[in-house]
Every structure is written in C-alpha cells, then in structure tokens.
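Numbered from 1 within each chain, the chains take letters A, B, ... in sequence-line order. Below, all heavy atoms of this structure are taken into account, side chains as well, without hydrogens, waters or symmetry copies.
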Amino acid sequence: MPGYNPSAIEKKWQQYWNEKKVYATNVKDTAKPKYYVLDMFPYPSGQGLHVGHPEGYTATDIIARYKRAKGFNVMHPMGWDAFGLPAEQYAIKEQKHPSVFTQNNIDRFRKQLQSLGFSYDWDREVDTTDPGYYKWTQWIFLKLYDTWFDEQQQKGRPISELVEEFEKGNSEFRIQNSELGLAEAIRWRDLNATQQRKVLAGYRLAYEAEVPVNWCQGLGTVLANEEVIDGKSEVGHFPVERRPMRQWMLRITAYAQRLIGGLDQLQWSDSLKEMQRNWIGRSEGAEVQFKVDGTSETITVFTTRPDTLFGATYMVLAPEHPMVPGITTPDQLAKVEAYRKWAASRSDRERQEDTKKTGEFTGTYAINPVNEQRIPIWVSDYVLMGYGTGAIMAVPAHDERDYEFATKFKLSIVQVVGKKQEASSKKQEVNVQKEAFCEEGMAVNSPWIEGLPTAEAKAKITAMLEEKGIGKRQINYKIRDWLFSRQRYWGEPFPIVHLEDGTTVRLADSELPLRLPELEDFKPTGTIDPPLSKAAEWVNVHVVVSADNSARVVPPGTPGAVKARRELNTMPQWAGSCWYYIRYLDPRNENAFVDPAVEKYWLGNSEFRIQNSELNSGGVDLYVGGVEHAVLHLLYSRFWHKVLFDRGLVTCDEPFRRLVNQGLILGEDSQKMSKSRGNVVNPDDVVRDYGADSLRMFEMFMGPLEQVKPWSTAGVEGVYRFLQRVWRNLFDENDALKIVVAPQDEAIRRALHKLIKKVGDDIERLSFNTAIAAMMEFNNVLGKAPSVSREVALTLIRIMEPYAPHFAEEVYARIQSSEFRIQNSTVVSVSHLPWPEYDPAMLIDATIEVPVQVNGKLRGRITIPNGADEATALAAALADAEVQKHLAGKEPKKKIYVKGRMVNLVV
RNA sequence: GCCCGGGUGGCGGAAUUGGCAGACGCUCAGGACUUAAAAUCCUGUGGACCGAAAGGACCGUGCGGGUUCGAUUCCCGCCCCGGGCACCA
C-alpha cells in the first residue's frame with residue numbers, strides 16, 4: 001500500500017540507528033560546545049510505559065536532536081533507577097529473586113522506549129542495581145561519611161582535616177561529644193581510638209543516631225520525612241508512627257543555607273523553587289534567654305518577632321522539653337506528668353488533625369528579660385521539640401496560636417504592635433483582645449523600640465539583646481536531617497562495619513562493591529531487624545582497621561584482625577538517583593566514579609561556557625521530569641552534589657541548571673488516568689495504530705510542555721493526517737518521489753526561511769506546539785504549490801526530524817537513493833545534516849499590510865513598502881477609503897504610527 | 001490560613017517587547033469525488049444585531065475599576081480553578 005505507513009518504516013530505522021550507533025556521544029570531542037539534556041531517571045515498573053513518560057522524553061529528544069544539528073556535542077542518556085520496593089514486594093509474592101523481576105522490567109522498558117525512536121546513546125545505560133554502579137554509590141556514601149561541615153567556611157571538608165585541627169589544639173575546633181563528657185582541656189592524642197571514633201562520628205555527614213523516626217509497619221521500614229504525607233507513607237499510603245530507633249542519617253541540615261542560596265541562580269519554575277524554600281524553611285529571628293524565677297536556670301526561646309518581646313505574657317515548653325520535670329512545682333507535677341504522657345501517646349497524625357489547644361501550668365514563672373515581669377511557664381504540645389529550642393515566648397496579642405491558647409487558659413494579652421500611622425488614612429483600631437494582630441506595623445508599649453516600624457524594631461531589639469548578653473540573632477530551618485537507612489533487602493548495602501567497642505568504621509575503597517548477599521528469604525522480618533540479619537555468614541566478619549579508620553575484611557586469625565558485624569540496613573531508593581547524571585558521562589569506568597576531565601567538560605562551569613551566553617552553563621543544561629520529585633530527589637541530589645563539589649570531585653556547585661516539569665496528561669475525560677476509570681492510554685496501542693512519530697508529535701502538539709492537559713485520540717489523528725499530507729506533497733500516489741530540481745518560487749522560499757527561524761526559536765524556548773503549528777501552516781501552503789523543490793523538501797524534513805525522526809529518515813533515504821546509491825560502509829542519516837540556516841533577507845517582505853485604527857478601533861488596512869517612514873504610512877492611512885469614512889471629514893488630532901505594526905488616528 | 005501558578009470560542013490551545021484576539025489542530029455543518037461509504041479535497045465555524053443580498057454596525061480574553069492613542073498583556077480590588085505548605089514560634 002503506497003502512502004505514509006509508519007508500521008513499515010519505524011522498526012527498520014530503529015534497528016539501523018541502534019546498529020550503526022547513530023546517536024553515540026563522543027565524550028572527548030571537546031572542541032564542540034557541550035549540551036547535556038537529561039530525563040528523570042525512570043523506575044522500571046512492571047506496568048510498563050505510560051503516556052506520561054513520552055511527553056518529557058520527546059521534549060528532551062527534540063532538544064537533543066536539534067542541538068546536535070546545531071553543532072553541539074550532546075549527552076542524552078537513559079538508565080534505570082531499579083532498586084526499590086515494588087520489585088522487592090513482587091519478588092516476595094512470587095518467591096523469586098528481585099533481580100530477575102527487575103531485569104525483565106528493564107528489558108520491557110528499554111524495548112518500549114526504543115519503539116519511540118528516542119536518540120539515546122544506549123551504550124551509556126546505567127542500572128542502579130548493578131554492582132558496577134552501586135560500587136560508586138557506596139563510594140560516594142563513604143565520601144559523605146568522611147566529610148564534616150565547617151560552619152565558618154560553610155563547606156564540607158575531609159574528616160582528616162578535622163583530625164588535624166584537633167591535633168593542633170585549635171580553640172575554634174573544640175572536641176565535643178556529650179556521650180563522653182569530655183573536659184574543655186582534653187587533648188586529641190590523649191583519647192584512645194574508640195573515643196576518637198566516637199568524637200568523629202558526631203561530625204560526619206553520614207552518622208548514626210537514636211532519633212524518633214517514621215516507622216511504617218506496612219512497608220516494614222522507616223521512611224524519610226519527605227516520604228511521609230499526612231501521616232501516611234507516600235508509597236502505598238500505610239500509616240506511619242513515631243518510634244525511637246537507631247538509624248543512619250545524612251546531615252543535609254548543614255547545607256540548608258547553601259541549598260536555599262543556590263536556588264537563585266537556577267532556571268527552575270518559581271513554584272518549584274518555592275517548594276524547596278518552604279521545605280527547607282528558613283526563618284530569621286533571635287534566641288532570647290529567660291531566667292527561671294527563683295532558680296539559676298535559663299530557658300532559651302526562638303522567635304521571629306523579637307520586636308514583640310514586651311508583649312510576651314507567658315512561656316510554653318514542648319512536652320518533651322528536658323527542663324520540664326526540673327522546673328515543675330510539686331503541686332503541679334502530677335498534672336504535668338499526666339499531660340506529658342498523653343501528649344507522647346498522640347501520633348503526628350492526631351496532632352495534625354486536632355489543633356485545639358491543650359496544656360498544663362508548670363507552677364513556675366520566668367522573668368521577661370526586657371521588663372522583669374514574671375510570666376507563667378506552661379507545657380503544651382503546640383510547641384514542637386523538633387524546631388527551634390522547643391520553647392517559645394508567647395505573645396498572644398500578635399500570634400494566632402498564642403492568642404487561642406491565652407484565650408482558652410485566660411492568660412493576659414498585651415498589645416505591643418499597632419498599625420502604622422499614615423498621615424492621610426484614618427487610624428484603624430487594633431483590638432488584640434478580640435483578635436490577634438499578626439501583621440507588621442509599629443512598636444507600641446515597648447520602651448526600647450517605641451514607635452519603630454517592625455523591621456527596625458526587630459533589628460534594634462536584637463542588637464540590644466546581644467549587647468546585654470541575653471540573646472542573639474539566630475536563623476532556624478525546618479528541614480531535618482535525612483533519614484537514610486531502610487529495613488529492606490533490595491537496596492545498596494552500607495559499606496560499614498560495627499566493631500565490638502560500639503563504634504563503626506568504613507570499609508576500605510578496595511572492598512567495594514559490597515555486594516548484597518544472596519538470600520533465599522529476603523522478606524521483612526516483621527520486626528525492626530532488617531532482612532540482611534538473616535545472612536549470618538555475610539554479617540559476621542573479621543576486619544583489620546587501619547589508622548584512617550577504614551577496614552578490610554580478612555580471614556579469622558589474621559594478625560590484628562578483630563570481630564565485626566556488617567551494617568544490616570540498606571540505602572533508600574534515592575541513593576542511586578542522587579548521582580546517576582554523573583555516571584552517565586563515564587558509565588563503565590572501573591577506576592573512578594567519573595573521569596575528572598570528562599566531568600569537567602560536561603559539568604564544569606568555567607572552561608566550557610557556551611559562547612555569548614550570560615548563563616553559567618555548568619551542570620546538566622536541561623533536565624525534564626515530573627514535579628513529584630520537588631522535595632525528594634531534587635533536594636537530595638543537590639545536597640550530594642554540593643558535598644561532591646566541596647570535596648573537589650565535581651566542578652560545578654549545582655547539578656541541574658535548567659529544569660522543566662512536564663505537565664500531567666489526563667485521560668480523554670479530563671480526569672486523572674487510572675485503571676478504575678478505564679481511561680488509561682497505552683503508548684504501545686498508539687504506536688500500533690498511528691506510529692511513534694504521530695505519538696511524539698501529538699504529545700508535543702497538545703499544548704505547553706509544563707501544562708496539565710487531556711489526551712485526545714482525535715488529536716493524534718490530526719497530526720497523523722499532517723504527516724500523511726507532507727508525504728503526499730513529496731510522493732505521488734505510487735510513492736514515486738515527485739520533487740523537482742528546479743528552484744522553488746519565491747513566496748514558498750520566503751515562507752521556508754521564516755519557518756526555519758520560527759522552529760529554531762520555538763525549540764529554544766521549548767514551545768514545541770507552536771513549532772508544529774508553523775510546520776503545518778507551511779505544509780498547507782506547500783500543498784497549493786505546483787511542485788516542491790528538492791531544496792525545500794530536504795529543509796522541511798531536516799526541520800521535522802527532531803519531532804518525527806522515522807518519517808524524516810525514510811524520506812531522506814528515498815531522496816538519497818533516487819539520486820545515487822548509498823555506500824554500505826558509510827552511515828547515512830538525516831540527523832547528520834546540519835540545522836538549516838535562514839537568510840535574514842528572506843524574512844523581510846517587500847510590502848507589508850498594516851492595520852489602521854480610528855480611535856483605537858480597527859477600520860482599515862493599508863499596504864505599504866516595508867520600512868516605509870511615518871509620513872508615508874500616515875499618508876496611506878489617511879488616503880484609505882474606509883478610514884476616510886470613519887474620520888468623517890475631521891482632522892485627526894493625534895496620529896500614531898508604530899513602525900511596521902499599526903496606525904492609530906485619534907479624532 | 002499562608003505561598004506559587006492559572007482563568008482566551010463547542011474542545012486543546014496561539015498572540016515572543018502594550019499594537020490586527022482566536023494562529024494551528026480537533027469537533028461540527030455544507031459541498032466536490034463515489035452506485036454508496038470510508039479516505040481525500042474545498043468552504044464555513046466566538047457571540048448576538050440590522051439587511052433579500054452584497055454588506056454594515058456592536059459586544060467579546062473570569063468580574064469591577066484604573067493607566068494608555070491603544071490592555072489577553074501593566075496597576076488596584078474581588079471571584080473561581082489547580083498545586084504546594086500548614087500549630088515550624
């Protein structure tokens with residue numbers, strides 16, 4: 001059957017591209033500017049590909065193909081984030097090893113992706129479950145383990161440098177460890193090895209801690225804060241409870257300021273940056289010390305409104321605050337203890353759902369340091385131990401929560417902020433007895449800062465507190481350290497062993513990868529013991545520990561060997577995806593996680609800057625993926641990257657320079673696609689019925705990439721018809737090429753040059769839908785032409801290639817073979833043609849049509865020479881019959897000519 | 001409650017720097033081809049008004065106001081939708 005037939009051509013070209021490695025990247029071709037375009041790492045689920053996947057993947061593929069044609073060295077890889085719960089749970093159910101299931105899924109996913117004609121360099125494929133990959137995940141973990149954060153320099157430094165600082169006895173680096181109760185004057189060399197390890201453990205970016213964690217019984221593991229939504233697990237929606245457990249943590253809080261600051265230079269959407277800022281939650285304020293009346297103790301509170309200090313009429317401690325038992329009076333003790341028990345029994349969920357104020361009076365008073373007033377100290381669970389100091393000064397006049405509490409427990413409310421007086425406006429009443437006034441304004445009833453606007457009042461009172469030694473400026477963050485261990489089998493094992501003295505040491509690099517033990521039964525144990533506890537032989541080892549605290553596993557009886565137990569937890573799924581974009585650059589390197597020269601070219605931010613670009617081109621140039629990773633992957637990954645940067649292992653400080661979130665594709669009924677609604681579209685079916693090129697084109701034609709939009713089968717047919725129409729403009733009813741060698745008429749050549757410019761500009765700004773519209777428009781014009789020249793045909797398919805690569809390749813091959821035989825040895829591909837240049841002169845028409853308005857309303861059109869001056873244009877406008885009619889003989893009092901745009905006459 | 005997006009025909013959307021609102025596609029209607037249908041091609045398709053017709057005049061980008069010769073675009077106030085955060089002091 002003649003005509004455009006995708007099923008007959010697509011497989012053929014996919015195979016050709018694969019065999020000839022048409023899209024392989026030469027990483028060392030550093031003479032060219034680089035462009036790194038990345039898709040978010042897919043989890044190869046058993047469900048296979050969803051129509052949402054090709055949306056982002058087609059967008060990046062268009063960019064990749066376009067940039068190659070523009071002379072860039074393009075990195076466009078794909079791989080698998082393959083560790084994780086679904087495969088493990090399925091494997092348990094099916095009594096198979098998860099690796100088998102994972103490999104099957106990967107094969108299916110790869111096949112599906114290849115059926116869409118993406119120009120990935122498949123030789124760079126990575127798989128997080130491959131020991132050749134996770135060796136380096138473990139290696140990076142050890143870099144975190146071997147790094148401490150220097151607050152002064154705001155930078156991660158090698159732990160060996162901390163040891164040097166300790167050895168020097170530098171007073172700025174006091175040896176601290178609460179467990180050991182070390183004295184001020186302690187010298188590093190006086191500590192034994194165990195003590196030294198315990199001290200260092202308190203500084204490492206990867207550390208173990210006994211903390212209240214999110215335990216999810218349903219998943220049999222703990223979860224990070226970011227993985228818990230409304231008290232339930234993000235995966236599977238199982239209930240999550242607070243439970244103290246010893247777990248591995250990553251000190252992401254140390255990087256809070258850098259993670260916020262780094263956002264400014266990124267080309268990300270405002271909403272995404274805002275989500276990260278909110279999650280990190282920076283608050284500027286002050287810490288203030290309150291004396292406890294009748295004792296020598298002080299309570300430190302954190303406030304963002306130090307200007308309201310004069311309005312603090314009581315104080316609240318979190319129920320878990322360590323000072324509560326000590327300060328509670330004997331007659332209140334029973335009540336306070338009962339309250340503490342009750343509060344402890346409440347889950348996070350209950351707390352979130354029920355925000356009614358509860359609490360008890362401790363019987364004790366504090367002294368407000370600014371006015372010496374005695375204020376009662378209460379205990380209430382509306383103050384959280386995990387934020388600030390776990391204690392607040394309550395200012396009910398200017399804080400809604402405090403107001404609610406004060407009203408309920410009949411505590412006094414004193415106004416210390418009023419509305420700003422503005423000369424013209426009437427003074428509006430603020431009645432803090434009726435309602436808290438939480439806005440900024442002007443300090444009142446506050447001797448030190450009377451009459452000052454809020455911002456100034458904050459600054460002044462903070463300075464005064466610092467001067468008097470009763471407070472200081474303080475910045476707090478909401479973000480908590482990242483809980484990094486999981487009680488599951490299918491993840492990276494920690495390259496860590498536990499010694500009998502209760503300390504941990506790392507494995508030496510030469511011990512990596514630490515492979516997962518083969519287990520018959522890798523089900524969760526039903527307790528907090530991870531499945532790896534079942535691998536007794538693997539767990540119990542003998543090691544030799546070197547001076548730098550790294551261990552090598554040795555046979556028992558080796559001189560110097562000591563007993564050790566391996567860490568039983570595994571890493572969370574996020575570990576592998578934190579750095580995959582680096583591994584793609586050098587995926588088979590066995591000696592380094594990436595070759596430094598390769599890293600510098602592809603990610604470095606100084607030497608290979610794109611010419612004439614104001615933007616710093618370091619990192620991945622374009623990253624496309626779903627918004628669901630806003631505070632998970634994207635935060636974790638930035639954190640790891642900054643640590644690697646600090647340690648000199650990568651040369652740019654942000655991994656993803658420009659990031660775009662593709663919008664969700666809804667079902668044809670504008671509802672979320674779901675099996676239960678029966679509105680799920682399977683890409684395989686679309687490819688079968690219309691071909692990959694139509695699927696690709698339609699997904700781009702639906703609307704702006706970032707927007708949520710519904711699927712439309714009629715719309716797919718629309719772009720399919722478009723491809724057929726292009727085909728028919730080039731081939732006759734017997735598929736004989738009908739293009740001619742004679743030059744094309746000028747009107748069409750002009751339209752073509754405009755199209756070249758339009759499509760290029762639109763791709764640059766990711767406006768793929770308008771580029772397709774322009775191609776359609778051009779093709780409509782072409783269809784009316786008596787013939788199509790070879791030059792026009794080649795240019796058109798070159799422009800279409802990023803969108804419809806199989807189509808373009810087929811047409812190109814037919815044009816080629818009609819003219820000369822293709823040598824078998826050379827790889828011929830339309831993708832090797834450079835992007836066409838447009839001739840600026842061809843964009844300018846000799847005459848232009850300009851609308852003429854009278855009093856702002858469109859009344860006529862004039863045709864004038866392009867570039868005509870104002871006088872010419874106005875004369876033409878005034879001479880126009882329609883315009884004359886509306887002027888009704890009146891002389892315009894104002895004549896406006898916007899060059900080449902329009903004329904407006906005002907009468 | 002707070003923060004960030006957004007609101008344009010029957011539908012998806014376009015209008016890039018304040019300058020012809022509705023490009024392009026879908027849908028629908030009419031026509032050509034055909035014994036017929038499909039496919040294909042052509043014409044029309046924001047609303048309402050006057051006119052037999054050619055044509056003419058009006059309204060229109062969530063709502064109300066403002067700036068401007070001119071506003072989908074800028075400013076103020078409000079309504080609605082989507083997303084995020086939420087006792088974080």
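B:G9 takes the syn form, because its glycosidic angle lies no more than 90° either side of 0.
Between A:Met700 atom CE and B:G13 atom P the separation is 14 Å, expressed in whole Å. Taking atom CG of residue A:Leu664 and atom P of nucleotide B:G12, one finds them 16 Å apart after rounding to whole Å. Distance CD (A:Glu226) to C1' (B:C85): 14 Å, rounded to an integer number of Å. In this structure, A:Leu705 places its CG atom 18 Å from P of B:G12, rounding to the nearest Å. In this structure, A:Glu287 places its CD atom 12 Å from C1' of B:A89, rounding to the nearest Å. Distance A:Leu272 CG to B:G82 P: 21 Å, rounded to the nearest Å. Rounding to whole angstrom units, CD of residue A:Glu400 and C1' of B:A89 are separated by 13 Å.
Salt bridge absent: A:Asp270 and A:Arg277 never bring a charged side-chain N and a carboxylate O closer than 4.0 Å. Between A:Lys709 and A:Glu55, at least one side-chain nitrogen of the basic residue sits less than 4.0 Å from a carboxylate oxygen of the acidic one, meeting the salt-bridge criterion.
Checked by atom type, the side-chain pair A:Glu226/A:Trp482 shows no donor-acceptor distance below 3.5 Å. Side chains of A:Thr253 and A:Tyr477: a donor-acceptor N/O pair is absent below 3.5 angstrom, by distance only. Of the N and O atoms on the side chains of A:Asp402 and A:Tyr382, at least one donor lies less than 3.5 Å from an acceptor on the other residue.
Of the candidates A:Arg658, A:Met275, A:Gln276, A:Trp268 forms a side-chain contact (heavy atoms from CB on, under 4.5 Å) with just one, namely A:Gln276.
Between B:C69 and A:Lys894, a contact under 4.0 Å exists linking OP1 or OP2 to a side-chain N or O. Using a 4.0 Å cut-off, some side-chain N or O of A:Arg728 falls inside it from OP1 or OP2 of B:C41. In this model, the phosphate group of B:U40 is not approached by any side-chain N or O of A:Arg725 to a distance below 4.0 Å at OP1 or OP2. Contact annotation: A:His886 side-chain N/O to B:A57 OP1/OP2 distance is under 4.0 Å. Contact check, A:Asn779 against B:C24: no side-chain N or O comes under 4.0 Å of OP1 or OP2. Dashed line: the shortest gap from a side-chain N or O of A:Arg901 to OP1 or OP2 of B:U17 is not under 4.0 Å. A close approach under 4.0 Å does occur between a side-chain nitrogen or oxygen of A:Lys857 and OP1 or OP2 of B:C59.
Relative to the side chain of A:Ala714, the nucleotides B:A89, B:G25, B:C26 differ in distance, and B:C26 lies closest. Of the listed nucleotides (B:A89, B:G19, B:C26), B:A89 has the atom at the smallest distance from the side chain of A:Thr303. Minimum atom distance to the side chain of A:Lys784 is reached by B:C42, of the listed B:C4, B:A89, B:C42.
Side-chain atoms of A:Lys895 stay outside donor-acceptor range of the base of B:C69, with no qualifying N/O pair under 3.5 Å. In this model, a side-chain donor or acceptor of A:Arg861 finds a partner on the base of B:C20 within 3.5 Å.
Backbone-only contact: A:Ser283 has heavy atoms under 4.0 Å from sugar-phosphate atoms and none from a base. Across all strands shown, A:Val383 has heavy atoms under 4.0 Å from base atoms, whether or not it also approaches the sugar-phosphate. If you check every strand for non-hydrogen atoms under 4.0 Å, A:Met902 touches a base. In this structure, A:Val906 reaches the sugar-phosphate backbone alone: every heavy-atom distance under 4.0 Å involves primed, P, OP1 or OP2 atoms, never a base. Residue A:Asn278 is out of contact with every strand shown, counting any heavy-atom pair closer than 4.0 Å.
With a cut-off of 3.5 Å on both Watson-Crick or G-U wobble distances, the partner of B:G19 is given as B:C69. For B:G60, there is no paired base (Watson-Crick or G-U wobble, both distances below 3.5 Å). Under the Watson-Crick and G-U wobble criteria, each requiring two contacts below 3.5 Å, nucleotide B:A29 is paired to B:U43. Across all strands shown, B:C2 forms a Watson-Crick or G-U wobble pair, both distances under 3.5 Å, with B:G84.
A:Glu668 contributes a side-chain N or O that, together with a main-chain N or O of A:Thr713, makes up a donor-acceptor pair within less than 3.5 Å. Looking at A:Thr389, its side chain does come within 3.5 Å of a backbone N or O of A:Thr300 through a donor-acceptor pair. The backbone N or O of A:Asp732 lies less than 3.5 Å from no partner atom in the side chain of A:Lys738, so there is not a single donor-acceptor pair.
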For nucleotides 14-16 of chain B, which of its nitrogen or oxygen atoms have a protein nitrogen or oxygen under 3.5 Å away, and what is each distance?
residue	atom	partner	partner atom	Å
B:A14	OP1	A:Asn769	ND2	3.2
B:A15	OP1	A:Arg765	NH2	3.4
B:U16	O4	A:Lys758	NZ	2.5

